[in-house]
Amino acid sequence: RGTSGIDIDLEKVDINQCPVPYGSNEDNVFAGSARCKEETTKCIVISGLGFRRGSYKCVCKPGYYFPDSSSSQKFFKGTEIEAQYALKRKGLPNKYDISFNCLACAAGCDVCEDNSPCVLRLNWIQRSILLAISGLMMISIAVLMWFSVQYREVKVSFFSEFQFCICKKVMIITGSQGLW
């Protein structure tokens with residue numbers, strides 16, 4: 001009776017801690033052991049790191065953005081998450097519970113880079129005032145046009161011609177189409 005042994009270089013064997021996709025029949029003992037915050041992030045496996053914890057990254061789900069907008073890497077490293085979680089399990093000070101969450105995008109955004117609004121927010125008060133002024137100008141031009149047509153036979157003095165030129169220029173500026 002003898003014993004046999006198998007020597008496996010575990011540095012060349014990757015483990016996948018990310019959850020198994022729905023409907024997959026893959027057998028993975030380590031599946032679902034990643035510490036990504038599932039509400040805001042999703043796990044993506046990183047191959048080539050060998051047989052160790054943290055061989056994944058947590059990227060933001062659609063509708064969320066990475067908190068550090070100046071960072072070139074828009075994900076949380078699995079090794080950092082695992083280290084903070086180990087500190088938490090030992091009862092030591094850690095950042096696991098307060099960090100590693102993506103932030104929600106502004107209302108109306110499916111994808112975003114920061115908390116900037118994706119939907120144009122209109123200033124309805126300013127728009128209403130401008131609309132009212134434009135409407136009053138159009139009504140006053142219509143009244144002046146009616147007045148000019150009614151009294152077209154009356155001799156025009158220099159001052160009236162000056163007013164007529166001003167009205168015509170106002171119509172050109174406002175873009176109104178008249179009888180001119």
Side-chain angles (χ1 to χ4, degrees), residues 8-139 170-177:
I8 299 174
D9 185 9
L10 293 179
E11 289 298 317
K12 299 199 184 326
V13 176
D14 289 328
I15 62 170
N16 182 356
Q17 292 181 259
C18 295
V20 176
Y22 180 75
S24 176
N25 293 331
E26 178 185 340
D27 287 333
N28 182 354
V29 179
F30 301 105
S33 63
R35 303 287 177 210
C36 293
K37 306 285 180 81
E38 292 183 12
E39 303 85 34
T40 63
T41 63
K42 63 180 177 180
C43 180
I44 297 178
V45 68
I46 301 173
S47 300
L49 296 180
F51 194 80
R52 65 178 184 166
R53 289 182 309 168
S55 298
Y56 59 89
K57 61 184 176 181
C58 301
V59 297
C60 297
K61 287 182 175 179
Y64 295 91
Y65 66 94
F66 192 72
D68 185 6
S69 59
S70 63
S71 175
S72 61
Q73 298 177 339
K74 304 286 185 190
F75 59 85
F76 300 105
K77 295 178 183 175
T79 52
E80 292 176 12
I81 296 171
E82 292 287 342
Q84 290 298 318
Y85 188 75
L87 291 174
K88 177 183 175 180
R89 288 189 56 192
K90 292 177 183 174
L92 299 173
N94 64 81
K95 297 179 184 176
Y96 179 77
D97 290 329
I98 59 172
S99 296
F100 312 116
N101 274 316
C102 292
L103 304 174
C105 294
C109 299
D110 295 329
V111 177
C112 60
E113 295 284 324
D114 54 20
N115 62 350
S116 300
C118 294
V119 178
L120 177 65
R121 296 180 192 216
L122 303 175
N123 185 344
W124 286 105
I125 294 172
Q126 181 182 12
R127 291 172 62 91
S128 299
I129 291 170
L130 289 174
L131 181 65
I133 290 171
S134 297
L136 287 173
M137 289 180 70
M138 287 189 287
I139 290 170
V170 167
M171 288 177 59
I172 291 170
I173 291 171
T174 60
S176 299
Q177 300 284 329

If I compare all heavy atoms of [X] with all of [Y], which pair ends up nearest, and what's the gap?
{"X": "D14", "Y": "L49", "value": "OD1-N, 3.3 Å"}
{"X": "N16", "Y": "C18", "value": "OD1-N, 2.9 Å"}
{"X": "E80", "Y": "F100", "value": "O-CZ, 4.0 Å"}

Task: Cys pair C102, C60: SG separation below 2.5 Å - done: yes

Open item on the list: Please determine whether the number of non-hydrogen atoms from other residues, nucleotides or ligands lying under 6.0 Å from atom NZ of K37 exceeds 12.
Closed with: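 Result for NZ/K37: enclosed.
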
TODO: Give a yes or no on whether I125 atom CD1 has more than 12 heavy-atom contacts from other residues, nucleotides or ligands under 6.0 Å away.
DONE: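 Atom CD1 in I125 is not packed in, count stays at 12 or less.
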
- [ ] Output every pair passing salt bridge (Lys or Arg N to Asp or Glu O under 4.0 Å) with a member in residues 97-120, not counting sequence neighbours, ordered by first then second residue.
- [x] K88-D97

TODO: Drop me the distance from I133's CD1 to M138's CE, to the nearest 0.5 angstrom.
DONE: 12.0 Å

Task: Straight-line distance of T79 OG1 to I46 CD1, nearest 0.5 Å - done: 8.0 Å

TODO: State whether the side chain of K42 and the backbone N or O of P62 hold a donor-acceptor pair below 3.5 Å, judged by distance alone.
DONE: no

Open item on the list: Per the side-chain hydrogen bond (donor to acceptor under 3.5 Å, both in side chains) rule, what does the pair list look like for residues 47-65, sequence neighbours excluded?
Closed with: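 Of all non-adjacent pairs touching residues 47-65, those that pass side-chain hydrogen bond (donor to acceptor under 3.5 Å, both in side chains) are Y56-E82.
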
- [ ] State, yes or no, whether a side-chain contact exists between Y96 and I81 at a heavy-atom distance under 4.5 Å.
- [x]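 Y96 vs I81: side chains touch.
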
- [ ] Name the orientation class of the two ring planes belonging to F76 and F66 (parallel below 30°, tilted from 30 to 60°, perpendicular beyond 60°).
- [x] tilted

Task: Derivation of the disulfide (SG to SG under 2.5 Å) call for C58 and C43 - done: CA-CA 5 Å; C58 301; C43 180; 5.7 Å; no

Task: ring pair (Phe, Tyr, Trp, His ring centres under 6.0 Å) against F75, all qualifying residues, sequence neighbours excluded - done: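 By the ring pair (Phe, Tyr, Trp, His ring centres under 6.0 Å) rule, F75 matches no residue at all.
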
